[in-house]
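What follows is a single structure, written as structure tokens, with notes after it.
Worth knowing before you read on, the calculation uses all heavy atoms, side chains too, and leaves out hydrogens, waters and symmetry mates. Just so it is clear, the structure is predicted and the values come from calculations on it, not from any experiment.
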Amino acid sequence: MRITQGTFSYLPDFTDEEITAQIDYALENNWPLSVEFTDDPHPRNVYWEMWGLPMFDLKDAAGVLLEVNSCRSAHPNHYVRLNAYDARLGRQTTAFSFIVQRPAEEPGFRLDRAEGSDRRIGYSTVAYAAQKPHGRRYVSP
């Protein structure tokens, strides 16, 4: 199962040249970038681990891609995403966010059903990867 989160989630994974083009676009619009990683990509897990600090002063796409690649090599079995922030309207909003690395195998989610009062049925998703401890979810056997 392929996790689809972020701006370009339904496209094939970007090459480094395509990632660099998106970084250039963000820098042209004065959007600072940040890199995050996680081994729990649940849709409600919006707080991923930050790789370093947001790159407010960096104006070179090669420097941003260097940070992306550093995170990729430090966490080869994690999801890694790149975020761009827009603060033009006086508040920090996400301009775009997309996954730049994913584990080789993505086990997916299961759907749990719970019956409530008045015959109401609620559903929740549980990641199969979350059955393993944090930091060991995508490690090859």
Between Asp60 and Leu27, is a side chain to side chain contact (heavy atoms under 4.5 Å, CB included) present by the stated rule, with each step listed? CA-CA 8 Å; Asp60 182 26; Leu27 294 175; 5.8 Å; no
Any idea which heavy atoms bring Ala26 and Leu33 closest together, and the distance? CB-CD2, 3.9 Å
Close side-chain approach of Val64 and Leu82, heavy atoms under 4.5 Å: yes
Would you call Met55 and Glu67 a side-chain contact if the rule is heavy atoms closer than 4.5 Å? yes
List the atom of Pro54, the atom of Met50, and the distance in Å for their closest heavy-atom pair. CG-CE, 4.2 Å
How far does CZ of Arg81 sit from CZ of Phe96, to the nearest 0.5 angstrom? 12.5 Å
For atom CG of Leu53, is the number of surrounding heavy atoms from other residues, nucleotides or ligands below 6.0 Å larger than 12? no
Is Trp51 close to His75 at the side-chain level, that is, under 4.5 Å between some pair of heavy atoms? yes
Would you compute the distance between atom OG1 of Thr38 and atom OH of Tyr79 and round it to the nearest 0.5 angstrom? 9.5 Å
Non-hydrogen side-chain atoms of Glu36 and Val80 separated by less than 4.5 Å: no
Starting at OG of Ser34, measure out to CZ of Phe56 and round the result to the nearest 0.5 Å. 8.0 Å
Let me confirm one number: the OG-CZ distance from Ser97 to Phe8, rounded to the nearest 0.5 Å. 10.0 Å
Applying side-chain hydrogen bond (donor to acceptor under 3.5 Å, both in side chains), name anything that partners Asp16, two or more places apart in sequence or on another chain. Arg72
Separation between CD of Glu28 and CD1 of Ile23, rounded to the nearest 0.5 Å: 12.0 Å
Looking at Asp86 and Arg88, would you say the former's side chain and the latter's main chain have a donor-acceptor pair under 3.5 Å? yes
Report the residues that fulfil side chain to side chain contact (heavy atoms under 4.5 Å, CB included) with Glu115, sequence neighbours left out, ordered by chain and then residue number. Arg113, Ile121
Specify the closest pair of heavy atoms between Gln101 and Asn77, including all atoms of both residues, with the distance to one decimal. NE2-N, 4.4 Å
More than 12 heavy atoms of other residues, nucleotides or ligands under 6.0 Å from CG of Asp112: is that the case? yes
Linked hydrophobic residues, Val46 as query - side chain contacts closer than 4.5 Å: Tyr47
Residue pair Gln22 / Ile19, side-chain heavy-atom distance below 4.5 Å: no
Polar contact flag, side-chain donor to acceptor under 3.5 angstrom, Thr93-Tyr85: no
Atom pair NE2/SG of His78 and Cys71 - distance to nearest 0.5 Å: 9.0 Å
